[in-house]
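All of these numbers come straight from a predicted model, not from anything done at the bench.
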Amino acid sequence: MSDPSISLGLRAHPQHLTYALVRGDVTPPLVTTLARLRLPVALHPPEQLAFARTTLLDLIREFDVTAAGIRTAEPVAQRVQVFRLNVEGVIQELLGAGAVPRYFAGPLASIGGLLRVPLATVKQYASGALALTDLASPSPATDTEEREAILAALAALRIGQSRLTALGAEGAAGPAC
């Protein structure tokens, strides 16, 4: 299968989702969209999660996204934001349910592994110490969350075989009835 043409990178926050859409069929990859999806404060948390899922599914369908990545919380985080983890879980469920053929969810180390750069370098890209223009053009990111969303989208472009295809190839079937 050819490289995905549009990838989606996500970075969750308790009040919003930052996302980046990147075209991977050009060199260097092109950041086409960088935006925030605000979670409506008028909604209760379960409704906010449903809103995030539905809106992301619409986004995936509208832009024909073929790969996605979510930058998850670090496993050794000092402060755990429980609602952020809930949002990340809903996004992972959406991706795992087949919304896109290729996806990953992971912390900065996973992003670095897919991009084939050391963790220290990924952290420099995320903090802004290194310019993202080394990896993609243009680089409209103004803060860490935006840079992490772009990095997740770029890493998603590097995902190999479709996870659903890989499951089928291994002979994995649903539960026996």
Side-chain angles (χ1 to χ4, degrees), residues 1-13 17-36 56 59-60 63-78 80 84-85 87-170 172:
M1 185 175 215
S2 64
D3 287 339
S5 58
I6 302 289
S7 68
L8 171 67
L10 297 155
R11 169 53 162 86
H13 182 275
L17 289 169
T18 302
Y19 68 90
L21 291 168
V22 174
R23 280 189 53 201
D25 57 352
V26 295
T27 304
L30 177 67
V31 178
T32 60
T33 305
L34 182 62
R36 282 209 164 97
L56 285 176
L59 185 74
I60 288 167
F63 292 98
D64 197 24
V65 173
T66 55
I70 178 170
R71 191 277 202 227
T72 60
E74 294 298 322
V76 294
Q78 300 273 329
V80 176
R84 174 185 172 186
L85 299 178
V87 173
E88 290 174 359
V90 166
I91 295 168
Q92 289 182 58
E93 183 278 328
L94 171 66
L95 300 178
V100 295
R102 303 167 189 218
Y103 69 92
F104 82 93
L108 289 176
S110 296
I111 292 171
L114 286 165
L115 293 174
R116 297 178 186 92
V117 296
L119 177 58
T121 304
V122 172
K123 287 181 178 181
Q124 289 179 315
Y125 282 125
S127 71
L130 288 176
L132 281 174
T133 52
D134 295 347
L135 302 175
S137 174
S139 180
T142 59
D143 65 28
T144 301
E145 289 179 7
E146 290 176 344
R147 287 187 288 271
E148 288 177 352
I150 292 171
L151 288 167
L154 292 169
L157 291 171
R158 299 280 183 102
I159 299 170
Q161 182 180 20
S162 162
R163 294 179 67 93
L164 296 177
T165 303
L167 287 174
E170 294 170 4

Which atom pair, heavy atoms only, marks the closest approach of [X] to [Y]?
| X | Y | result |
| --- | --- | --- |
| Ala105 | Thr72 | CB-CG2, 4.0 Å |
| Ala153 | Ala20 | CB-O, 3.9 Å |
| Ala67 | Ala156 | CB-O, 3.5 Å |
| Ser7 | Leu154 | OG-N, 4.5 Å |
| Val117 | Val122 | CG2-CG2, 3.3 Å |
| Leu115 | Arg158 | O-NH1, 3.5 Å |

Are [X] and [Y] close enough that some pair of their side-chain heavy atoms sits under 4.5 Å apart?
| X | Y | answer |
| --- | --- | --- |
| Leu56 | Val90 | no |
| Pro138 | Leu30 | yes |
| Ile150 | Leu135 | no |
| Leu114 | Leu157 | no |

In Å and rounded to the nearest 0.5 Å, what is the [atom1] to [atom2] distance from [X] to [Y]?
| X | Y | atom1 | atom2 | answer |
| --- | --- | --- | --- | --- |
| Leu10 | Leu95 | CG | CG | 7.0 Å |
| Phe63 | Leu21 | CZ | CG | 6.0 Å |
| Leu119 | Ser110 | CG | OG | 10.0 Å |
| Leu108 | Tyr125 | CG | OH | 13.5 Å |
| Tyr19 | Thr33 | OH | OG1 | 6.5 Å |

> For the side chain to side chain donor-acceptor pair (under 3.5 Å) test, which of Arg36, Arg11, His13 pairs with Thr18?
Replying inline: Arg36
> Checking side chain to side chain contact (heavy atoms under 4.5 Å, CB included) for the pair Thr144/Arg147: CA distance, chi angles, key distance, verdict?
Replying inline: CA-CA 5 Å; Thr144 301; Arg147 287 187 288 271; 3.6 Å; yes
>> Checking the side chain of Glu148 only, and the main-chain atoms of Arg71 only, is there a donor and an acceptor separated by less than 3.5 Å?
In response: no
>> For a side chain to side chain contact (heavy atoms under 4.5 Å, CB included) check, start with the C-alpha distance between Phe104 and Ile111, then their side-chain angles and the critical distance, and finish with the verdict.
In response: CA-CA 9 Å; Phe104 82 93; Ile111 292 171; 3.8 Å; yes
> Are Leu8 and Val100 close enough, and set up right, to give a side chain to side chain contact (heavy atoms under 4.5 Å, CB included), and what steps lead you there?
Replying inline: CA-CA 10 Å; Leu8 171 67; Val100 295; over 6 Å; no
> How far apart are the C-alpha atoms of Arg102 and Thr66, what are their side-chain angles, what is the distance that settles it, and do they pass the side chain to side chain contact (heavy atoms under 4.5 Å, CB included) test?
Replying inline: CA-CA 6 Å; Arg102 303 167 189 218; Thr66 55; 6.0 Å; no
